[in-house]
Amino acid sequence: MTTTTRATIGLLARKELHDALRNRWFVLYTVIFAVLSLALSWIGLAGGQLYGLAGFGRTTASLINLIMLIVPLMGLTLGALSLAMEREQGTLLYVLAQPVVPAEVLLGKLLGLATALTTALSIGFGLSGLLLAWRGSTMGLGAYLGLFGLTILLALLSLSLGLLFSSALPRTATALGSALFAWLLLVFLGDLGLLGSALVLRIPVEQLFTLSLLNPLQVFKIAAILLLRSDLQVLGPAGQYAMHTYGMRLLPLSVGVLLLWSLLPLLPAYLFFRRRGAL
Amino acid sequence: MYVARWHSIAPVLVLLLNLTAQAQPALSLQERLAAAAPGDTLRVVGGLHPGPLRITKPVVLLGVDAPVIDGQGRGTVVTIEAPDVVLRGFVIRNSGRSLDREDAGIAVYADRVTIADNRLENVLFGIYLRRADSCRILHNTIEGDPSLDTPRRGDLIRLWYSNDVLIEGNRMRHGRDVVIWFARGIVLRDNTIQFGRYGLHFMYSDSALIERNRMLDNSVGAYLMYSTRLTFRQNLLAYNRHASAIGVGLKDMDEVTVEENVLVDNQIGIFIDNSPRAIDAQIRYRGNAVAYNDIGVQALQDAPRSTFEDNSFLENYEQIDLVGGGRFSEANGTFWRRNYWSDYRGYDADRDGYGDVPYQTVALFDALTDRTPAFRLFAFSPAVQALELAARAFPVLRPEPKLTDPAPRMRPRLPEGLPAVHQPMRPPLALAGLALLLMGLWTMGRSHLHRLY
């Protein structure tokens, strides 16, 4: 990578970050995530603090749920909006008229948006971390930072998916619509569909576990639980099967799968973007 | 009253009861025992004493400065065959490793023996009582061998046809079970059992009192089987988590009172299998705190003639599980009264401390996993949350409630004297949180304040 390329990407990333931070959606997501994670940590601690008991209860579960609900939505919508909106406004035409190549534009967008998402997440995590530390929680530093890293990975993979929609689809509305549908699919329909099929077809535990891994959100969930508990007992027979078969290798494995999910959509995104350009 | 004899080989001198200033000629512990009269008190000050040792007359063996009896890996280290023996203050280590011969740290074959303040290390079985009534096992520390798999270990304490035994204040780790077989009137109090298979294992042992014990990090905290008239109170059962792990399990038990226990962070808090068994027997669960378990209470079948009163069910992922579905019925005598449920959504308009609408479990996902446990894989998913919401909104989807608590508590009621788990401030976590927060705010502020170029 030449110096000019790097400088170009850096400049584009800064511009993207600048734009994202002024995006009302982004600000709204940031505030919602911060407030909800703070509230959930507070509620979760209220029990532990009062009774000297603490554990991996429904509240911890809702914290993971919150991440699984909001973070993909942030990444997908921001990613879907980025290229498509600029394309509609005509600014993309202006950018591409400069001496830059499509790869630089795409990478710049990715970097800028990833930084923006990290910013939003670190504010939410930072606030809840302070609260957890102040009120005294059972969560260790390693688990806390690990969960933060996993969440960034989740943001990254939904961002690249969003970018794929943004580069492939001509209009903002369609890109955003597809991104929202993808979110629904990942968060709700995928699991419900699998649950329904398993109910009807009586899928055995091993296959159920393998099939569930097709959904990156399930991979995230498994990694998060492993990180917080070093065990998958809470997931019942399927969790026991997974621990028995893979053991703690499951953690690096799932991180690898999440990385793959964040990198793979970039290739078709690049191909689409090169073909379509500013049109 | 002793025979002096030089031990040219033994490197360690044994100091004697009537010790003055100077060292005395060494005499082995076994020889001193042989010389003692019944009722004598033998003081043993420090030193390493090769075992195995047999005590065949009623004497008091008093260890001062932790004298060591080393079994050298052969058989049982100390065997007590006389009644009224007191063994206090010794370190007993290195028993044999044969499960068949049941090699133990201390084996007792006589009544009214007191074993107190000893430390047992690297033993297969810890303290083994066979047909030894009215013994007392007090304030001992027993360490099994953590390198062995749990089934290959011995039991930390094992009672066999030994009635009216008091087991109090012992600390036990890394064993298989503490197991009580065919023994009446056992009292177990203030013991800590950790990192074993079954913390406590009761078989065919009636009229026992089990109180204020702590069973932590075992596969099963306490498994009570085939016994009657048992009181299980104020125990702490926590972090018992392995495949099919349980806090306290009741199998074919009659007339049990389970009260004011704290069950935290176990896979299953209370497990009920065919209890009560007798047609006229009752079981009472009263004032327990059941919190942060995967499943609060799991009943393998219906739990007839059982009352669940004033318990607090806090934040268990599934509060109550009736395996195979179905519901608890008051016609069979299962009563849920005045319990606290952390997922109760009712209100208390008349402010009497009890909710005005009944608590009913309506979790659709619970109903699913009760029937097909494999679906627990989807726990903690937003999809499941949506499913629950749908079940609340559309009664068509709502499963029949497993249980009904007509007037649940509005606030939890926790056992008194609950060992508080104080969580200290966490400076590293605070620093990390602060760093993340500042990083986020800095990036945000910089991009907002500065112009691009």
Side-chain angles (χ1 to χ4, degrees), chain A residues 14-15 17-18 21-22 47-48 51-59 61 64-65 68-69 115 119-123 125-130 132-134 136-139 141 144-145 148 187-188 190-192 195 198-199 205 208-209 212 217-218 221 225 231 233-240, chain B residues 238 241-243 245 262 264-265 267 289 291-294 312 314-317 342-343 368-369 372-387 412 414 418-441 443-444 447-448 452:
Chain A
R14 285 226 303 282
K15 172 199 166 289
L17 177 63
H18 190 261
L21 294 182
R22 303 200 151 198
Y51 317 124
L53 321 169
F56 192 81
R58 279 185 179 254
T59 314
I64 293 183
N65 259 323
M68 287 167 73
L69 209 61
T115 315
T119 304
L121 293 178
S122 52
I123 288 175
F125 265 89
L127 283 174
S128 359
L130 279 177
L132 291 171
W134 171 48
S137 95
T138 46
M139 191 186 251
L141 183 63
Y144 172 74
L145 290 178
F148 179 61
V187 174
F188 297 112
D191 285 358
L192 286 179
L195 201 65
L199 203 60
V205 169
L208 190 67
F209 179 74
S212 78
L217 276 182
Q218 286 287 340
K221 187 186 84 182
I225 292 176
D231 196 21
Q233 294 290 349
V234 286
L235 296 183
Q240 277 166 26
Chain B
R241 286 195 166 275
H242 289 279
V262 177
V264 188
D265 202 0
Q267 197 172 351
Y292 300 105
N293 306 287
D294 294 0
S312 299
L314 281 141
E315 293 275 321
N316 301 291
Y317 193 77
S342 56
D343 55 340
L368 274 177
T369 51
T372 318
F375 289 167
R376 195 169 281 279
L377 175 60
F378 295 99
F380 311 105
S381 288
V384 165
Q385 223 79 339
L387 210 60
L414 294 161
L418 182 77
V421 185
H422 286 294
Q423 292 294 339
M425 277 276 291
R426 306 286 297 267
L429 194 59
L431 278 180
L434 197 63
L436 282 184
L437 182 64
L438 289 180
M439 196 177 83
L441 290 179
T443 317
M444 215 163 209
S447 290
H448 266 284
L452 257 177

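Throughout, protein chains are lettered first and strands after them, A, B, ... in sequence-line order, and every chain is numbered starting at 1.
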(request) For the residue pair Val384(B) and Leu192(A), establish whether any side-chain heavy-atom pair is separated by less than 4.5 Å. (result) no
(message) Could you measure the distance from the CD1 atom of Ile123(A) to the CG atom of Leu441(B)? Nearest 0.5 Å is fine.
(response) 4.5 Å
(request) Report the distance from atom CD of Gln385(B) to atom CZ of Phe188(A), rounding to the nearest 0.5 Å. (result) 9.0 Å
(request) Look up atom CZ in Phe378(B) and atom CG in Leu208(A), then write down how far apart they are to the nearest 0.5 Å. (result) 4.5 Å
(request) Could you pull out the closest heavy-atom pair between Ser122(A) and Gly440(B), with the gap in Å? (result) OG-CA, 3.5 Å
(message) What's the separation between atom CG in Leu17(A) and atom CE in Met444(B), rounded to the nearest 0.5 Å?
(response) 9.0 Å
(message) Between Gly239(A), Pro237(A), Ser212(A), Gly129(A), who has the most heavy-atom pairs with chain B when the cutoff is under 4.5 Å?
(response) Pro237(A)
(message) With a 4.5 angstrom heavy-atom cut-off, is it the side chain or the backbone of Leu438(B) that approaches chain A, or both, or neither?
(response) neither
(message) Is Leu121(A) in contact with chain B via its backbone, its side chain, both, or neither, using a 4.5 Å heavy-atom distance?
(response) neither
(request) Return the option, out of Thr372(B), Leu368(B), Leu377(B), with the maximum number of heavy-atom pairs under 4.5 Å with chain A. (result) Leu377(B)
(request) Go through the structure and list residues passing side chain to side chain donor-acceptor pair (under 3.5 Å) with Ser381(B), not counting sequence neighbours. (result) Asp191(A), Gln218(A), Lys221(A)
(message) Need one label for Phe209(A): side chain, backbone, both or neither, based on atoms under 4.5 Å from any heavy atom in chain B.
(response) both
(message) Among Leu437(B), Leu436(B), Leu429(B), exactly one meets side-chain contact (heavy atoms from CB on, under 4.5 Å) together with Leu130(A). Which residue is that?
(response) Leu437(B)
(message) Please report the interatomic distance CG(Leu195(A)) to CZ(Phe375(B)), rounded to the nearest 0.5 Å.
(response) 5.5 Å
(request) Output all residues satisfying side chain to side chain contact (heavy atoms under 4.5 Å, CB included) with Leu145(A), sequence neighbours left out; order by chain, then residue number. (result) Leu141(A), Ala432(B)
(request) Output the option from Ser312(B), Pro373(B), Ala435(B), Ala238(B) having the highest count of non-hydrogen pairs under 4.5 Å with chain A. (result) Pro373(B)
(message) Let's test your reading of the structure: which of Leu127(A), Thr119(A), Leu217(A) forms the most heavy-atom pairs below 4.5 Å with chain B?
(response) Thr119(A)
(request) Between chain B and each of Leu69(A), Val205(A), Leu199(A), count heavy-atom pairs under 4.5 Å; write down the option with the most. (result) Leu199(A)
(request) Determine the minimum heavy-atom distance between Ala238(A) and Ala374(B), stating which atoms define it. (result) CB-O, 4.1 Å
